[in-house]
Amino acid sequence: MTVVPPDTRSARRAFPPGFAFGTATAAYQIEGAVAEDGRTPSIWDTFSHTPGTIDGGDTGDTAVDHYRRFREDVRMMADLGLTSYRFSLAWPRIQPTGRGPASERGLDFYRALTDELLAHGITPVATLYHWDLPQELETPTVGARAAGGGWPARETAYRFADYAALAAEALGDRVSTWITLNEPWCSAFLGYGSGVHAPGRTDPGDALRAAHHLNLGHGLAVGALRAALPASAKVSVSLNLHVVRPRSDGPEDLEAARRIDAVGNRVFTGPMLKGRYDEDLLKDTAHLVDWDTLVHDGDLVEISRPIDLLGLNYYNPTVVSAAPADTADRPREDGHGSSTFSPWPGADSVAFHRANDDLTAMGWPIDPTGLSEALLSMHREFGLPLIVSENGAAFQDTVAPDGTVHDPERTDYLRRHLHAVADAIDAGADVRGYYLWSLLDNFEWAYGYDKRFGIVRVDYDTLVRTPKSSARWYAEVIRRGGLD
Ligand code: IFM
């Protein structure tokens, strides 16, 4: 990957006409109302209610009550001037058991939300799966299999495609851009590998099986969306591709980087965008899974159905080296939570390092050059139009006595990363939009509510929303259509 030097010009940098300035959220992180209107538990409801899984014992039961306050939230988006909004559909709201017909009450919420967005001139972008698998598909209570479902089971991919069809049939007249999966790496490797995400399983073979079935689910869902949507609709996927940097040019560190690139990136981009799993990935993981049995004839054709847009979620680069033998068993500092089980099957011999000490509240190093690199490398390798489907930062915000929140670190992070997007566009990448993570402070998965990513503060006692100074800054960028 080529490092793009930061832009040193002070002139105004405009984004291309029609560039989407958005924010992103996910259903379980903001909606609350988990038992409302027929919604059933997802794996995240079960996981977050399991003692010891989430910091502070937090759950998404109430989250920020977006389910009831969505009109107020859309008004706020309109006040900020957002041109687009990326949200996720809760599968257990739309198809409560993960099978069978859609729940009209569940769909009504998304009909109302998208109507409200459109009425305010905000383009909705819907993600089908942001991690909230119906619990009934993880541990079926009926049917032949009483346990051992979830993404390691092939059937889940087919259920996902059915759900995609139901969602598209109901909302296809309002939503023109669809994202199949959000960060399937997290679903597979944090959910079934390290176990720091729901459903909290820790089997490297299952993690790889989950990855393949997420790929298959994506491909089947692309087919289902195309069948249900008008030809003008855009179909995409959001990948948290790891910008992997070897700590040195030594062969062992290059080998560490190759392994992480294989199981962090190419495990998804290979089948989805090239119709193949790379030989080195298959070899690295052959002792963990029987790929010949796992991948059926025709799967790769299904998975590589063409998409229109590639979504990139970027937060920080990943620096790796070969690990000395005696450190291989220690919990790793790879920024993905603490577990003695690895989310990197086939890469036990890799050590993770911080790229620098300029850290967000997540402990993630701040390095916008990684965003330009990733966009350019995706552009060169796949030639697809791109969106930044997530980018943002958690910081410990301080509320002033008058209730305002001044968050210059977040503004600086966003400014530098938007410049990195502009750098990539200048260098030839076709980037169509930027979705800031996140609109509101919300439930940050295993970290609970302690980590605040929002440009709008949520008081968790009163649920009152207060735009932070970063929100006012972003509104100004949108108003001008560019950066100074
Ligand atoms: O909050 C998450 C989001 O759900 C997926 N991408 C990363 C964000 C920050 O951790």
Side-chain angles (χ1 to χ4, degrees), residues 43 131 133 138 145 147-157 181 183-219 239-242 244 252 254-272 274-297 299-300 303 318 320-352:
I43 54 175
W131 310 352
L133 184 73
E138 173 66 29
R145 193 190 296 123
W151 287 106
R154 188 173 171 91
E155 194 205 336
T156 303
L181 305 172
E183 301 182 357
W185 184 86
C186 297
S187 302
F189 297 107
L190 302 182
Y192 296 91
S194 67
V196 298
H197 277 191
R201 286 161 60 181
T202 54
D203 179 316
D206 276 345
L208 291 161
R209 278 183 274 277
H212 177 62
H213 296 139
L214 283 153
N215 282 329
L216 182 60
H218 158 81
L239 302 177
N240 56 324
L241 295 176
H242 301 81
V244 188
E252 287 165 352
L254 292 176
E255 165 63 8
R258 180 200 64 70
R259 278 180 190 263
I260 297 305
D261 182 44
V263 77
N265 300 330
R266 289 183 281 120
V267 65
F268 299 108
T269 55
M272 286 182 185
K274 293 182 169 171
R276 64 159 199 254
Y277 284 108
D278 288 343
E279 280 305 318
D280 63 329
L281 168 71
L282 301 182
K283 210 162 139 219
D284 290 348
T285 54
H287 60 297
L288 299 170
V289 77
D290 177 1
W291 286 96
D292 287 340
T293 322
L294 180 62
V295 182
H296 293 197
D297 283 351
D299 279 6
L300 290 165
I303 296 170
T318 303
V320 297
S321 70
D326 64 338
T327 59
D329 289 340
R330 292 201 204 135
R332 58 231 89 225
E333 288 212 6
D334 58 3
H336 293 290
S338 169
S339 166
T340 46
F341 298 93
S342 171
W344 303 102
D348 289 341
S349 54
V350 175
F352 292 82

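Reckoned from all heavy atoms, side chains included, excluding hydrogens, waters and symmetry mates. All values reported here derive from a predicted model rather than from experimental measurement.
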Between Lys283 and Asp280, is any pair of side-chain heavy atoms under 4.5 Å apart? no
Between Asn215 (side chain only) and Val267 (backbone N and O only), is there a donor and an acceptor less than 3.5 Å apart? yes
For Asp278, what residues pass the side chain to side chain donor-acceptor pair (under 3.5 Å) criterion, not counting sequence neighbours? Arg266, Arg276
All heavy atoms of Leu300 vs all of Gly275, minimum pair found to be CB-O, 3.6 Å
Side chain to side chain contact (heavy atoms under 4.5 Å, CB included) involving Leu288 - partner list, sequence neighbours excluded: Pro204, Leu208, Pro345
For His212, enumerate each residue passing the side chain to side chain donor-acceptor pair (under 3.5 Å) test, keeping only those at least two apart in sequence or located in another chain. Tyr277, Asp299
Identify the two heavy atoms, one from Gly217 and one from Ala157, that lie closest to each other, and give their separation to 0.1 Å. N-CB, 3.6 Å
Checking Thr269 now: which residues fulfil side chain to side chain donor-acceptor pair (under 3.5 Å) with it, not counting sequence neighbours? none
Side chains of Pro152 and Arg201: closer than 4.5 Å at any heavy-atom pair? yes
Output for pair (Asp284 CG, Trp344 CH2), nearest 0.5 Å, gives 13.0 Å
Can you list the residues that meet the salt bridge (Lys or Arg N to Asp or Glu O under 4.0 Å) rule with Arg209, with sequence neighbours excluded? Asp206
Please give me the minimum heavy-atom distance between Ser338 and Val196, naming the atom from each residue. O-CG1, 3.6 Å
For Lys274, the salt bridge (Lys or Arg N to Asp or Glu O under 4.0 Å) test, sequence neighbours excluded, returns Glu381
Scan the side chains in residues 183-194 for donor-acceptor partners under 3.5 Å anywhere in the protein, sequence neighbours excluded, and list what turns up.
from, atom 1, to, atom 2, distance (Å)
Glu183, OE2, Asn313, ND2, 2.9
Trp185, NE1, Val263, O, 3.4
Tyr192, OH, Glu138, OE1, 2.7
Tyr192, OH, Trp151, N, 3.1

Is any side-chain heavy atom of His242 closer than 4.5 Å to one of Thr318? yes
Salt bridge (Lys or Arg N to Asp or Glu O under 4.0 Å) against Glu255, all qualifying residues, sequence neighbours excluded: Arg258, Arg259
Closest non-hydrogen atom pair between Gly205 and Val289, with its separation: O-CG2, 4.2 Å
In chain order, what residues pass the side chain to side chain donor-acceptor pair (under 3.5 Å) check against Asp290, with sequence neighbours excluded? Thr293
Can you confirm whether Phe352 sits close enough to Ile260 that some side-chain heavy atom of one is under 4.5 Å from a side-chain heavy atom of the other? yes
So, taking the atom named CG in Leu216 and the one named NE2 in His296, what distance separates them when rounded to the nearest 0.5 Å? 9.0 Å
For His197 and Ile43, what are the C-alpha separation, side-chain angles and deciding distance, and is it a side-chain contact (heavy atoms from CB on, under 4.5 Å)? CA-CA 9 Å; His197 277 191; Ile43 54 175; over 6 Å; no
